[in-house]
Amino acid sequence: MNLQENLKRYRISQSEYELICEQLGRPPEGIEWALYSALWSEHCSYKSSKVHLKKLFSKSERVLQSFGENAGVIDLGQGERVAFKMESHNHPSFLEPYQGAATGVGGILRDIFTMGARPVALGNYLCFGEPHADRMPELVKGVVSGISGYGNCVGVPNITGQTEFHESYNGNILVNAFALGLFRPGEKVFTSQAEGEGNLVVYVGAKTGGDGVHGASMASESFDDDNEAKKPNVQIGDPFFEKLLIESCIEVMNQGLVVAIQDMGAAGLTSSSFEMSSNGGVGFDIALDKVPLRDSRMTPEEILLSESQERMLLICKPENLPALKDVFERWSLDATSIGHVTKEKVIRLTWKNEELCSIDPDNLVENAPLYNRPYKKWVPQNRTESKDVSVLVDDLQNYQEQLLKCLSDVRGCSRNWVYDQYDQRVGAQTIADCRQDVGVIRLPDSERALSVALGCRPYVMRLDSHEGGKDSVAFPALELASKGFEAMAVTDCLNFGNPEKEELMTEFVASVQGMSQACEALNAPIISGNVSLYNETKDENVTSTPSTGIVGLRDSVYGPASMVEKNDEVVVLLSKVQLKTGGQYAEMQKQPLRAFGELCPQKTANFVKDVKSFINTYEISSSKVVGKFGLAYSLARMTLGSVGMSVKTDEVLPAMNFSEKYFSENLYQVVVTLSQETYSQIADQKFDFELVKIGRTGGNHLNIDNKISIPLEELKQSYFTGWGDHFESLA
């Protein structure tokens, strides 16, 4: 095979080839091509994004582990710590939706328990195309089935999620998996830093097969007309093996039999071995012919690059190997010594006693090329200086019909078809599941409540990437605050198109800067995450989508509901509006997105903290952050139970017309309901935000300013049947 054929096969550019030759002092040979292909791929090296990721706000007094490990870890106090992370499985899920989504769940779980934490919560962030787009019902069904088919078998509840729809995802869906694990008091945090000359390199878990070979490099390029040929790059998972692996790994870690441990994720044995060696500053001697195989015909290259699931690599002392093998054999899993740790920082790979390569792991892990790709300084997008709301949303008058349309639209209807397929209560610690605005679990030792909220509203990103980046952190943080939680830390999954396009790199930099500013203002650092680039098909990029997962803490397990549950309570609107936009309603009406104003991270953070304090100081019955489709839609969502609401704002919000108040989006507002007695305590108080009484709960209608009066049953009909109208085959 000539040079050009090798470069194409291994997806290595001419300039990267020249850098490899410079490192080695000669051209790459044999297995070295595959090693560089995997570890210098965008998916593994972050070569287009790392220069910007280094600028992220990532430290606080709570952070125990941040970037560089499988997951971030924070200290909750009282001996409790949590590990959490979010990761993408976009390309595999578009090719094979069931297995792509399933193995995304499996991979994120391994990132958690390889740290020594027991997984206790799952979530997912999904972006699909238009319901009528090619393959879309099949993709939705396959992804949801894959998440439930894998997640439901491993004993971890799926407590929250977000599902978006837009035409930009027609040819490239997004499937992001979130997982959180708990360290109970006294349990140790493990890392991937190998150490100890003479210690053994031990392969544990399922046997290696041919699935997922070259998966990392496949996930580092765009889709084209030859997607079918890429299907062999998709991994195949077995959730029952995963459950066995969770239990066996946690057991050997708790018994003190493990020195270091790493998941075999992207690039499989290659990434795990080279990263452990590089992180620990030691070398490995590995005999590839000792790796347990499902197919004895596999070549050394296939063994190195296989992304077969449910596999880990760990380091143990020689005297502990028998005890370690006993544990894994009891769980019916392989535990095989395939090599040992050496003092010299060199990885030596052999096949039946023949040396295949001898190479410094830093060449591939630490010295991958870094690209500072061209981008422009961000200029605010889609702004208007006019405060005429007709620039944001048309004042169409038929408000009642429009509200019902929002509730039944694919962007606003119930997602119960999705989350009803997930096990949300296994483990008996779930307090609030996918039916609520944030997922909540009980911490078993301290009896405190831990919450998870996922963020990123793609339509805000389509409005302005810098504002969208701030909002991807601020909105879920405000959702947590509306339930009395303090935002502790953030994980992210940065889903973008082709970074070689200057306009896409400009959006990436602007949104990352916005996210970091919001995190710093909140003192909620980004401690883990994933970058997924080249999310494009035939030169059409997805909406730039930096999804987030934020973990919050509250002393009490009791907090406000998301729907109105009590009659004769006061409805209050809390506001600190900085940015006004037509938002999701404008998109539904096929109007151009427009906005005026700008989010100030510090003002937003102050509002988040003030709302949290307000919720925890006073007895609040229900709360909801005003989001997509504006205030009218949020009020409707709050009345989908059995208690209605009557709202009148002519006197308290006289400066805004009806459309501006109820269908445009005013960032940010929170609706709360409370007793008349509680309202009497706050009516004359001064707050650092606007607080106005807008109505009362009760009755069986939603009444708004004498212009909307809809029976609750009609609201429910629109909201809960909307899904079937768009996905008849999935209802």
Side-chain angles (χ1 to χ4, degrees), residues 6 9-12 16 20 23-24 28-47 70 103 107 110-111 114 192-194 201-220 232-235 260-280 282-293 298-315 336 338-339 341-342 345-351 355-369:
N6 263 341
R9 177 187 178 191
Y10 291 103
R11 300 173 172 98
I12 293 173
E16 289 170 349
I20 294 169
Q23 279 190 0
L24 298 175
E29 301 171 350
I31 206 75
E32 292 169 343
W33 280 97
L35 298 177
Y36 277 100
S37 172
L39 293 182
W40 281 19
S41 68
E42 190 73 61
H43 193 71
C44 289
S45 71
Y46 291 4
K47 57 191 175 186
N70 291 281
T103 53
R110 290 192 296 280
D111 281 337
T114 191
S192 61
Q193 296 177 13
V201 180
V202 183
Y203 171 115
V204 302
K207 288 179 168 60
T208 294
D211 52 312
V213 175
H214 289 288
S217 50
M218 178 273 292
S220 304
N233 299 138
V234 178
Q235 310 94 326
I261 185 167
Q262 173 81 322
D263 165 37
M264 288 194 215
L269 179 59
T270 297
S271 63
S272 57
S273 58
F274 276 76
E275 287 171 8
M276 293 183 84
S277 170
S278 178
N279 291 345
V282 295
F284 285 176
D285 273 5
I286 293 179
L288 294 176
D289 50 294
K290 292 184 178 180
V291 173
L293 302 177
M298 291 185 70
T299 66
E301 179 174 315
E302 291 170 333
I303 293 169
L304 279 168
L305 297 184
S306 168
E307 293 183 12
S308 291
Q309 298 293 284
E310 296 90 39
R311 304 178 304 154
M312 311 284 278
L313 198 66
L314 58 82
I315 307 299
T336 305
I338 62 171
V341 176
T342 60
K345 192 167 59 175
V346 170
I347 288 189
R348 180 173 175 268
L349 301 175
T350 62
W351 175 254
E355 183 176 294
L356 301 179
C357 79
S358 181
I359 192 168
D360 184 340
D362 285 353
N363 282 356
L364 293 104
V365 177
E366 294 296 326
N367 300 325

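Count residues from 1 along the sequence.
Here Thr270 contributes atom OG1 and Leu304 contributes atom CG; the two are 4.0 Å apart, rounded to the nearest 0.5 Å. Between the CD atom in Gln262 and the CD atom in Gln193 there is a gap of 11.0 Å [rounded to 0.5 Å]. Note that CD of Gln23 is 8.5 Å distant from CG of Asp360, once rounded to the nearest 0.5 Å. Taking CD1 of Ile20 as the reference point, atom CD1 of Ile12 lies at 4.0 Å (rounded to 0.5 Å). In this structure, Ile261 CD1 and Leu313 CG are separated by 9.0 Å, a value rounded to the nearest 0.5 Å. To the nearest 0.5 Å, the span separating CG on Asn363 from CG on Leu35 amounts to 11.0 Å.
Applying the ring-ring contact (aromatic ring centres under 6.0 Å, His included) criterion to Tyr203, with sequence neighbours excluded, gives no partner residue. Taking the side chain to side chain contact (heavy atoms under 4.5 Å, CB included) definition, one finds that Lys47 meets it with Glu16, Glu42, Ser45, Pro369, Tyr371, sequence neighbours left out. Take Ser271 and apply the side chain to side chain contact (heavy atoms under 4.5 Å, CB included) test, not counting sequence neighbours, and it matches Leu39, Ala267, Glu275. Gln309 is linked by a side chain to side chain contact (heavy atoms under 4.5 Å, CB included) to Thr103, Arg110, Gln235, counting only residues two or more places apart in sequence or in another chain.
For the pair Ser277 (side chain) and Val282 (backbone), a donor-acceptor distance under 3.5 Å is present. In terms of modelled atom types and a separation under 3.5 Å, the side chain of Ser37 and the main chain of Trp33 share no donor-acceptor contact. Judged by distance alone, with hydrogens and angles left aside, the side-chain atoms of Asp263 form no donor-acceptor pair with the main-chain N or O of Asp111 at under 3.5 Å.
The nearest pair of heavy atoms linking Glu307 to Gly268 is CG-N, 4.0 Å. What you find for Met298 and Ser306 is that their closest heavy atoms are CE-CB, 4.2 Å. Of all the heavy atoms in Pro300 and Ile31, the pair that sits closest is C-CD1, 3.9 Å. The two residues Trp40 and Asn367 make their nearest non-hydrogen contact at CZ2-O, 3.6 Å. Contact detail for Gly209 and Ser308: the closest heavy-atom pair is N-OG, 2.8 Å.
Under 4.0 Å is where a charged nitrogen must lie from a carboxylate oxygen, and between Arg9 and Glu301 at least one such pair does.
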Without placing hydrogens or testing angles, list every side-chain donor-acceptor pair under 3.5 Å for residues 284-292, not counting sequence neighbours.
residue: Asp289; atom: OD1; partner: Lys352; partner atom: N; Å: 2.9

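Counting non-hydrogen atoms of other residues, nucleotides and ligands closer than 6.0 Å to NZ of Lys345 gives a total above 12.
A heavy-atom distance below 4.5 Å is found between the side chains of Val201 and Ile315. By the 4.5 Å heavy-atom criterion applied to side chains, Trp351 and Thr299 are not counted as neighbours.
Side-chain N/O atoms of Ser41 and Arg11 include no donor and acceptor closer than 3.5 Å.
Note on residues 28-37: pairs passing salt bridge (charged side-chain N to carboxylate O under 4.0 Å, His left out), not counting sequence neighbours, are Arg26-Glu29, Arg26-Glu32.
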